[in-house]
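Just below is one structure, and these are the notes that go with it.
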Amino acid sequence: MNKLTQLMILYICSLQILRAQAPAPTDIDQILPMRGLAIPVPSVQGLDTFLKFIENDLAPARFNTLILRVDWNYAYESHPELRNPNPLSRTDIRKIVDTCNKYGIRAIPQINLLGHQSWAKTTFNLLRVYPEFDETPHIRTEDYTPFPNPDGLYCKSYRPLHPDVHDVVFALVDELMDVFGSDFYHAGMDEVFYIGDDHCPRCSGRDKAELFAGEITKIRNHLALKNRRLMIWGDRLIDGKTTGIGMWEASMNNTHRAIDLIPKDVFICDWHYKRADLTPVYFAMKGFDVASCSWNTPDAAATQISDMIDFRQRSVPETGGRFQGIIQTVWAGADIFLDLYNNPETFRKEEFNQTEGSARTLKRVIEELKKL
């Protein structure tokens, strides 16, 4: 062994010793940079309660990210035909954003793009008003039966290759981004089962991974024109068969290969609700910033927080910095959720439903964050 090799070995060993002896970070922004909640926007009637929730619950627990699923609940000027009845106004949204800004919380808007264009027997506004965008017009939501069903219908998707669809959705995105003043946008993109359908004249026969990656990239590039960044759920980028994770929290229709086809600045929200799966490591190793996302299982959420802190501390800086933190999710309406959350005495002692589970889990996440 020559002298240069000996010196290199000594240097590497000394780095490892110093790293092992280095104190753990104490600032919460270093320990867990992203501390978020993803929740639908409230109704007009529930707005004041929601603002108090930000001030009295999220701010003291040092939440710094609030992803607000707006979808059609805003008084869009660019496409007023897509508004829900009694939508939030620009003034309403600004009240939420201003309250967030007061406490150092980044407010991020979300409209579900590509998938989740329907739920059960209801077709949502985009495909109802513009049926030509429907990837599967031959499948009627009115005929929906509980999944799995003969049509494989969970949620509808729009046609990513339709020449007019992005003129509409990007106008909505730009309008929301302007009113929120945000540098991040969440596009959803989860649970996309309908893509490249055999009956679609534009998408049939095409590689599903390339279609999915193309849509992500198109959205990302549009946002990048104004220095805005894309967030998506990560499930369609995980191989459901190889990992054994399955069709809900991962992909069984080959969209997972899109992970090697999309820009690395896409932020991945990696959701697993019953278990703290270790897939954040997969995304970080692929070069993506990632946050673990919890929902209705308090112990799993606590483990996800612990794992993310551990990953940051034990990884080399290039990888460790990609483990961004935790995002608790809420899938009930904000008004219903907060009524339950604010009245924990109504929690049942035995088995609880999913909304109650998410309320319990948020309380547990707040407890864990306060420990930091």
Side-chain angles (χ1 to χ4, degrees), residues 33-34 36 38 65 67-71 78 106-117 126 133 135 157-192 194-196 202-203 206-238 250-251 253-271 279-280 282-291 293 321-325 327:
M34 179 171 284
T65 303
I67 300 169
L68 291 161
R69 195 164 70 255
V70 180
D71 288 333
S78 57
R106 172 192 279 133
I108 299 172
Q110 177 183 344
I111 305 172
N112 276 316
L113 297 185
L114 191 57
H116 279 282
Q117 301 305 320
L126 181 67
F133 296 162
E135 175 79 2
S157 303
Y158 64 64
R159 291 175 172 172
L161 298 185
H162 194 286
D164 300 325
V165 68
H166 294 101
D167 290 341
V168 175
V169 298
F170 285 169
L172 303 176
V173 169
D174 290 346
E175 188 174 349
L176 270 189
M177 292 298 286
D178 288 343
V179 70
F180 271 78
S182 179
D183 54 354
F184 274 81
Y185 170 76
H186 201 303
M189 309 286 288
D190 58 318
E191 299 175 330
V192 176
Y194 285 156
I195 186 169
R202 291 183 172 86
C203 304
R206 294 180 180 268
D207 185 297
K208 296 181 191 299
E210 291 182 0
L211 282 171
F212 191 66
E215 183 65 8
I216 292 173
T217 303
K218 192 175 189 73
I219 299 166
R220 177 268 176 197
N221 289 347
H222 177 79
L223 293 169
L225 293 174
K226 295 186 177 179
N227 296 315
R228 294 162 173 169
R229 189 174 177 189
L230 175 63
M231 305 176 88
I232 63 171
W233 304 114
D235 52 291
R236 298 304 97 190
L237 301 176
I238 301 170
S251 170
N253 62 355
N254 293 320
T255 60
H256 63 274
R257 291 185 289 105
I259 196 169
D260 294 317
L261 304 175
I262 63 175
K264 299 298 185 185
D265 59 3
V266 175
F267 190 107
I268 306 298
C269 301
D270 182 33
W271 63 273
T279 45
Y282 174 65
F283 288 113
M285 294 290 284
K286 285 286 188 177
F288 296 93
D289 285 347
V290 59
C293 302
R322 297 176 190 144
F323 298 106
Q324 287 291 298
I327 299 171

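Side chains included, hydrogens not; waters and symmetry mates left out as well; all remaining heavy atoms used.
- In terms of modelled atom types and a separation under 3.5 Å, the side chain of Thr65 and the main chain of Met34 share no donor-acceptor contact.
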Show me the donor-acceptor pairs, under 3.5 Å and distance only, between side chains in residues 161-171 and residues at least two apart or in other chains.
from: His162; atom 1: ND1; to: Asp164; atom 2: N; distance (Å): 3.1
from: His166; atom 1: NE2; to: Glu215; atom 2: OE1; distance (Å): 2.9
from: His166; atom 1: NE2; to: Glu215; atom 2: OE2; distance (Å): 2.9

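- Formation of a donor-acceptor pair under 3.5 Å by the Lys208 side chain with backbone atoms of Gly196 is found in this model.
- Closest approach of Gly115 and Asn112 over heavy atoms only: O-CB, 3.9 Å.
- For the pairing with Met189, the side-chain contact (heavy atoms from CB on, under 4.5 Å) check across Ile216, Asp235, Leu237, Leu230 returns one residue only, Ile216.
- With sequence neighbours left out, Asp289 forms a side-chain contact (heavy atoms from CB on, under 4.5 Å) with Arg229, Phe267, Arg322, Gln324.
- Note that the CZ atom of Arg220 and the CG atom of Leu225 stand 9.0 Å from one another [nearest 0.5 Å].
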Query - Working for side-chain contact (heavy atoms from CB on, under 4.5 Å), residues Thr255 and Val192 - result: CA-CA 9 Å; Thr255 60; Val192 176; 5.9 Å; no
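- Side-chain atoms of Ser157 come within 3.5 Å of backbone N or O of Tyr194 as a donor-acceptor pair.
- Distance check, rounded to the nearest 0.5 Å: CD1 of Ile268 to OG1 of Thr279 gives 10.5 Å.
- A heavy-atom distance below 4.5 Å is found between the side chains of Asn221 and Thr217.
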Requested in this report: Check the pair Leu114 / Phe212 against side-chain contact (heavy atoms from CB on, under 4.5 Å), numbers first and verdict last.
Outcome: CA-CA 9 Å; Leu114 191 57; Phe212 191 66; 3.7 Å; yes
**Report entry** Verdict with supporting geometry, Tyr158 and Leu113, side-chain contact (heavy atoms from CB on, under 4.5 Å)
**Finding:** CA-CA 8 Å; Tyr158 64 64; Leu113 297 185; 3.6 Å; yes
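- The two atoms that bring Ile111 and Tyr185 nearest to each other are O-OH, 2.9 Å, heavy atoms only.
- Note that SG of Cys293 and CG of Asp190 are 10.5 Å apart. Values are rounded to the nearest 0.5 Å.
- Side-chain contact between Gln110 and Leu176: absent, with no pair of heavy atoms (C-beta onward) separated by less than 4.5 Å.
- Here Phe283 contributes atom CZ and Phe323 contributes atom CZ; the two are 11.5 Å apart, rounded to the nearest 0.5 Å.
- Under the rule for a side-chain contact (heavy atoms from CB on, under 4.5 Å), the partners of Ala250 that lie at least two apart in sequence or sit in another chain are Ile238, Ile245.
- Taking each heavy atom of Ala209 and Leu261 in turn, the nearest pair found is O-CD1, 4.1 Å.
- The two residues Ile259 and Ile262 come nearest to each other via the heavy atoms O-CG1, 4.0 Å.
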Report task. Please test Leu172 against Ser78 for side-chain contact (heavy atoms from CB on, under 4.5 Å), starting from the C-alpha separation and ending with a verdict. Result -> CA-CA 7 Å; Leu172 303 176; Ser78 57; 3.8 Å; yes
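- A 4.5 Å side-chain heavy-atom check between Glu135 and Pro160 finds at least one atom pair inside the cut-off.
- Closest heavy-atom contact between Ile232 and Ala187: CG2-CB, 4.4 Å.
- Ala38 approaches Trp233 most closely through the heavy-atom pair CB-CH2, 4.2 Å.
- Among Asp183, Asp178, Asp265, the one residue that satisfies the salt bridge (Lys or Arg N to Asp or Glu O under 4.0 Å) test with Arg228 is Asp178.
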